[in-house]
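FYI, side chains are in, hydrogens and waters are out, and symmetry mates aren't considered; it's all heavy atoms of this structure.
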Amino acid sequence: MLTVPHLLNYNSKIRMYKASESNIIEVQGIRKSYGNLHVLKGIDFSVKKGEVVSLVGRSGSGKSTLLHIMGTLDKADSGSVSINGTAIAGMGDKTLSRFRNKHIGFVFQFHHLLPEFTALENVSIPAFLAGTAEKKAKAEAQKWLERLGLGHRLEHKPSELSGGEQQRVAVARALINNPDVVLADEPSGNLDTQNSRELHQLFFDLRNETGQTFLIVTHNEELATLADRRVSMADGLIVY
């Protein structure tokens with residue numbers, strides 16, 4: 001079972017996993033405007049399978065907008081996005097929703113757990129939506145929660161969990177359908193220093209163990225520096 005260490009040693013060991021040569025995300029010519037505000041001005045970008053990539057830049061640089069377009073939560077005005085070889089342009093809303101549920105996991109700053117449900121139930125929801133039988137979905141959810149050190153918190157509701165525990169529940173929820181990629185938007189932005197470090201280590205542990213791909217929008221310099229690749233944005237463009 002994977003555990004989250006209390007004392008972390010950030011060094012080259014976290015890069016043990018070698019990324020595949022194949023791209024799991026490919027973005028070409030993405031542009032997005034809201035009225036006269038040009039948020040994305042022609043983005044070309046790719047992420048390889050097994051990479052941990054950080055996306056950094058000042059507020060308003062377009063990071064979250066790009067992440068939401070790659071995650072199919074928003075649509076570009078022009079350009080193309082493909083996930084594991086599948087182009088998402090032209091998909092209807094229902095098809096897009098099914099694709100998102102199966103192929104993309106999300107981790108957000110404020111967790112977005114449903115307060116009336118237990119940790120086990122929150123993690124099970126994406127599996128239910130994918131048509132997995134209840135018994136199998138809950139067994140898979142329990143496996144992920146135990147893997148993330150929360151086997152003793154299965155029946156606790158979000159209000160009964162610490163911020164770090166809530167975020168690990170959100171990570172388990174993102175992973176339950178074995179997505180092609182996990183997209184994280186400021187995942188440690190609402191956590192204290194210790195929980196932030198534990199969450200960061202968790203991403204690398206999961207990548208090293210499972211080969212999972214992570215694209216993380218962050219203002220946290222420690223996490224950004226540790227990533228396999230750091231991509232910087234400014235004024236709607238990738239600058240580094």
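Leu40 is connected to Leu183 through a chain of hydrophobic side-chain contacts under 4.5 Å among Ile, Leu, Val, Met, Phe, Trp and Tyr, so both are in one cluster. Using a 4.5 Å cut-off between side-chain heavy atoms of Ile, Leu, Val, Met, Phe, Trp and Tyr, with links allowed through other members, Leu67 and Ile216 fall into different hydrophobic clusters. A continuous path of ILVMFWY side-chain contacts below 4.5 Å connects Leu215 to Val231, so both sit in one hydrophobic cluster. Cluster annotation: Leu150 and Leu154 are assigned to the same hydrophobic cluster (Ile/Leu/Val/Met/Phe/Trp/Tyr, side-chain heavy-atom contacts under 4.5 Å, transitive).
The salt bridge (charged side-chain N to carboxylate O under 4.0 Å, His left out) search around Glu140 returns Lys143, not counting sequence neighbours. Residues forming a salt bridge (charged side-chain N to carboxylate O under 4.0 Å, His left out) with Arg100 (at least two apart in sequence, or on another chain): none. For Ala224, the side chain to side chain contact (heavy atoms under 4.5 Å, CB included) partners two or more places apart in sequence, or in a different chain, are Ser54, Val56, Thr218, Arg230. Under the side chain to side chain contact (heavy atoms under 4.5 Å, CB included) criterion, Pro158 pairs with Leu113, Asn122, Gln166, sequence neighbours left out. With sequence neighbours excluded, no residue forms a side chain to side chain contact (heavy atoms under 4.5 Å, CB included) with Arg58.
For the pair Thr132 (side chain) and Ala127 (backbone), a donor-acceptor distance under 3.5 Å is present. Checking side-chain atoms of Arg168 against main-chain N and O of Leu148 turns up a donor-acceptor pair under 3.5 Å. Judged by distance alone, with hydrogens and angles left aside, the side-chain atoms of Ser97 form no donor-acceptor pair with the main-chain N or O of Asp93 at under 3.5 Å. The backbone N or O of Ser82 sits nowhere less than 3.5 Å from a side-chain atom of Thr86 that would complete a donor-acceptor pair. Side chain of Glu165 to main chain of Ser162: a donor-acceptor pair is present (N/O by atom type, distance under 3.5 Å, no hydrogens or angles). Proximity of a side-chain donor or acceptor of Glu160 to a complementary backbone N or O of Lys157 within less than 3.5 Å is detected. For the pair Lys102 (side chain) and Asn177 (backbone), a donor-acceptor distance under 3.5 Å is absent.
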Assess whether side-chain contact (heavy atoms from CB on, under 4.5 Å) is satisfied between Gln212 and Leu175, documenting all intermediate values. CA-CA 9 Å; Gln212 187 55 260; Leu175 292 166; 3.7 Å; yes

Does the side-chain contact (heavy atoms from CB on, under 4.5 Å) test come out yes or no for Thr118 and Glu121, once each step is laid out? CA-CA 5 Å; Thr118 65; Glu121 291 166 338; 3.3 Å; yes

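Note that NZ of Lys75 and CG of Leu96 are 6.5 Å apart. Values are rounded to the nearest 0.5 Å. Put simply, CD1 on Ile83 and OG1 on Thr72 are 8.0 Å apart, with the number rounded to the nearest 0.5 Å. Rounding to the nearest 0.5 Å gives a distance of 4.5 Å between OG of Ser80 and CD of Gln28. Summarising the geometry, atom CZ belonging to Phe214 is positioned 9.0 Å from atom CZ belonging to Arg207; distances are rounded to the nearest 0.5 Å. Interatomic distance, CD of Gln167 versus CG of Leu202, reported as 9.5 Å (0.5 Å rounding). With rounding to the nearest 0.5 angstrom, the OG1 atom of Thr65 is 11.5 Å from the CD1 atom of Ile30.
Phe203 has its side chain out of reach of Val182: every pair of non-hydrogen atoms, C-beta onward, lies at least 4.5 Å apart.
Taking 4.0 Å as the cut-off between side-chain N and carboxylate O, Asp180 and Lys49 do not count as a salt-bridged pair.
Using modelled atom types and a 3.5 Å distance limit, the side chains of Asn208 and Asp205 yield no donor-acceptor pair. Arg197 and His200 share no donor-acceptor pair across their side chains, judged by distance under 3.5 Å alone.
In terms of heavy-atom proximity, Pro187 sits nearest to Leu199 at O-CD2, 3.5 Å.
Between Phe108 and Phe106, the angle of the ring planes stays under 30°, which puts this pair in the parallel group of the 30/60° scheme.
Counting only residues at least two apart or on different chains, the side-chain hydrogen bond (donor to acceptor under 3.5 Å, both in side chains) pairs with a member in residues 33-44 are Ser33-His38, Tyr34-Asp74.
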